[in-house]
Amino acid sequence: MCGIAGIYNRHKNIIDKDLLINMTESITHRGPDEDGYFFYNNIGISHKRLSIIDLENGVQPMVSENDNFIISFNGEIYNYLELKEKLVSHGYSFKSNSDTEVLLIAYQCWGNKVFDMLNGEWAIAIFDKAKNQLLLSRDRYGIKPLYYSLVNENFYFSSELKSFNENFDVELDKQELWDFFVFGPKDGGNTIFKNINELRPGKLLTLNCNDFTIKSYYSLLESFNINNSKLDLDNIENLLLDSINKRLMSDVPLATINSGGIDSSLISSIAINNIDSDLYTFSVAPNKTGEKTLKGDESYFAEHLAKKIKSKHFTIRYSKKNFVDEIESCMIYNDDILFHSNSIPLSYMYEKIKKDYNITVVLGGEGADEVFRGYSINRIANLYSIFDKPILKYIAIKILKIKYPRLNLVSKYFKDSSFYLQLAIEQNMHMSPKLANKLLGINGLPSKDRIALITRASKLSKRNQLVYYEQKCYLSGLLQRADRMSMRWGIEARVPFLDHRIVNYMNSINNKKKSGVKEKKLKKILKHISKKYIDSLIINRPKYGFTSPLDEYKKDIFDKYSKHNKDTQSLNDLTSQEILLIYNYQLLNLSKSKCKK
């Protein structure tokens, strides 16, 4: 993984080289090994490299042999060797063993069709000299970030918001902030900073002096519209095996995250049989308080799995002080709003993995719950679907609104949405609209992006609406967490469960075959496959989820946050999550940089 940035002037004027250098230096942590720049007339493209494949070659930006195409690429293409074979059969030759060169020549050969052929994660910039045209592409699920801004005649792009925040006079967008505080992450579009956008997953952005277009090469929505009546467990298992094996490709030290849950345990159990060296596995947990095990400590299960598969396992423990001291730096490296409190222990773990064990690549379990239906909300949706009479559904909704009172707020803003979709929206809510209004001094409403996403979701069958929203919104927050907290320390985090072949196949299967009403029936396809690789202690343990002892640390976090907040509310008035969100907002207000231009 790496960091990319660039400036394109639509009036064919020379771009500000010093500005591009500053934008690139802002993301040095993403690529500490080397950097590169390409300047040509009205464009400048840069690259910060984290060397993983073909360490001696693969320097970027890379120029094609005919001198027409220039690429700067963040990510990994796991099927690049298969693509290379096809290109060799077409008469192309190669100077390196890097996936970047394969990607560049593949684009030269197949044009935009190449993005349908890729297996991996990426944020790509390609400049075509002959057309004086810039192309940006982002992977199907938004595993790798890509931001852009069009200001008058200048177009800017970067892997992180930091390139904009540290070099321009950015302004917070309070309506977008309100939407985030109340409804959580979404899949790109407008950011919390005015005039800065996030390219959505599965999109191609094309820019030249006359045109600016954004088109889809992949639609997550369409993956739900293919109906597979037959459940082929062997096919799913083979796809999982192949996905994990492909993501073990590395010329630098590699490890897996082993939390003790079924997802990471399956990855670790398969990985250890497919590498030539010892497998290092890591988990993170809070320090114990006497005999008390704090929330977020799954070390017993992680260590149990490690003994079973004979991995070299390390449980990295953090104290309350470690957690509280790390909050501000995590917020800064996250760029916008820190939605997940577990980003903090995750960052702490990645720091230790890099500094103490020199690991550069890790495999993690993000995406498994969204793809295989592992969240408890799926049980509620399945239970609700059993009621076939309107009166029973009416009673069920009344009862659920007592158990989940935020559903009343969701139905206020999205009253025409299905109850399944409202359940998904409710799960992402962390701040009341009333508190968000008071904090921001506005009367907020759902953003246009949010409304458009919900409109798209409504085209699906009702239970698929819930799954689609999870994959578009909650998952985007998890992927941002994984990217920012790992790349902060120069570590590449790979996510085998988000191989597009797995996602497409699972989304085409009837939901009844993926999960049931009882907890043991959640993620039942993955549990069935895992019986070959993991023992029953891991498979049958209750769903826990990667979390942190936020409530136990609440007072300490509140005390630190209060230093930045002039209008301090009572500790008891706020949830732990609300304190973090407000703290983050205050920090954003304090740290807004002035324009350096």
Side-chain angles (χ1 to χ4, degrees), residues 115-116 118-119 121 138-143 183-189 200-203 215-233 235-236 239-240 243 366-386 414 416-428 449-479 495-516 521-526:
F115 299 109
D116 288 324
L118 302 182
N119 184 328
E121 59 260 11
R138 193 176 181 202
D139 65 68
R140 297 173 180 88
Y141 310 113
I143 301 167
F183 299 115
K186 55 184 175 61
D187 68 328
R200 286 195 176 90
K203 298 293 184 182
K215 295 181 179 179
S216 298
Y217 68 88
Y218 174 80
S219 169
L220 181 66
L221 196 77
E222 290 302 315
S223 69
F224 289 92
N225 290 330
I226 302 168
N227 186 14
N228 258 317
S229 56
K230 182 182 177 182
L231 175 60
D232 190 339
L233 290 172
N235 179 49
I236 298 171
L239 289 175
L240 280 167
S243 175
E366 283 85 357
D369 284 314
E370 290 79 9
V371 174
F372 287 89
R373 294 200 70 184
Y375 293 124
S376 297
I377 196 67
N378 289 289
R379 293 173 57 202
I380 297 169
N382 293 335
L383 180 62
Y384 177 73
S385 69
I386 294 172
F414 305 106
D416 295 328
S417 297
S418 73
F419 185 66
Y420 295 93
L421 190 49
Q422 290 182 24
L423 280 172
I425 296 168
E426 189 274 342
Q427 291 295 292
N428 277 0
D449 288 336
R450 182 81 55 186
I451 293 169
L453 189 151
I454 288 170
T455 300
R456 291 196 302 273
S458 299
K459 297 176 182 178
L460 296 170
S461 65
K462 289 181 178 179
R463 271 196 282 182
N464 275 340
Q465 291 175 19
L466 182 151
V467 182
Y468 176 80
Y469 192 88
E470 284 180 341
Q471 292 181 8
K472 275 293 187 182
C473 295
Y474 192 73
L475 180 59
S476 70
L478 295 181
L479 293 175
V495 284
F497 289 109
L498 292 182
D499 186 303
H500 69 283
R501 300 168 300 170
I502 296 172
V503 177
N504 288 345
Y505 188 81
M506 288 302 301
N507 285 351
S508 72
I509 294 171
N510 188 290
N511 279 296
K512 291 180 181 179
K513 297 177 181 179
K514 289 186 277 190
S515 67
K521 293 296 184 180
L522 286 174
K523 214 154 42 178
K524 59 185 178 181
I525 291 175
L526 197 63

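Values reported hereafter were calculated over all heavy atoms of this structure, with side chains retained and with hydrogens, waters and symmetry mates removed.
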On a heavy-atom basis, which atom in [X] and which in [Y] lie closest, and how many Å separate them?
{"X": "Asp116", "Y": "Arg140", "result": "O-NH2, 3.2 Å"}
{"X": "Pro201", "Y": "Gly142", "result": "CB-N, 3.4 Å"}
{"X": "Ser216", "Y": "Lys203", "result": "OG-NZ, 2.6 Å"}
{"X": "Leu479", "Y": "Glu366", "result": "CD2-CB, 4.5 Å"}
{"X": "Leu221", "Y": "Asn225", "result": "O-ND2, 3.7 Å"}

Less than 4.5 Å apart, side chain to side chain, heavy atoms only: is that true for [X] and [Y]?
{"X": "Leu498", "Y": "Leu475", "result": "yes"}
{"X": "Val371", "Y": "Tyr141", "result": "no"}
{"X": "Glu370", "Y": "Gln471", "result": "yes"}
{"X": "Tyr505", "Y": "Asn235", "result": "yes"}
{"X": "Phe497", "Y": "Leu240", "result": "yes"}
{"X": "Asn428", "Y": "Phe183", "result": "no"}
{"X": "Met506", "Y": "Leu239", "result": "no"}

Between [atom1] of [X] and [atom2] of [Y], what distance do you get to the nearest 0.5 Å?
{"X": "Ser508", "Y": "Leu231", "atom1": "OG", "atom2": "CG", "result": "9.5 Å"}
{"X": "Ser476", "Y": "Glu470", "atom1": "OG", "atom2": "CD", "result": "12.0 Å"}
{"X": "Phe414", "Y": "Ile425", "atom1": "CZ", "atom2": "CD1", "result": "5.0 Å"}
{"X": "Lys186", "Y": "Ile454", "atom1": "NZ", "atom2": "CD1", "result": "11.5 Å"}
{"X": "Leu453", "Y": "Tyr469", "atom1": "CG", "atom2": "OH", "result": "6.5 Å"}
{"X": "Asp232", "Y": "Ile509", "atom1": "CG", "atom2": "CD1", "result": "8.5 Å"}

The criterion is ring-ring contact (aromatic ring centres under 6.0 Å, His included); which residues satisfy it with Tyr420, sequence neighbours excluded?
Tyr384
Looking at Arg456, Arg450, Arg138, which one forms a salt bridge (Lys or Arg N to Asp or Glu O under 4.0 Å) with Asp187?
Arg456
I'd like to know whether NZ of Lys462 has more than 12 heavy-atom contacts from other residues, nucleotides or ligands below 6.0 angstrom.
no
Under 3.5 Å, is there a donor-acceptor pair between the side chain of Ser243 and the main chain of Pro496?
yes
Can a donor-acceptor pair be found between the side chains of Asn378 and Arg373 at a distance below 3.5 Å?
yes
side-chain contact (heavy atoms from CB on, under 4.5 Å) between Val503 and Leu220, worked out
CA-CA 9 Å; Val503 177; Leu220 181 66; 4.2 Å; yes
Parallel, tilted or perpendicular, judged at 30° and 60°: which one describes the rings of Tyr474 and Tyr375?
perpendicular
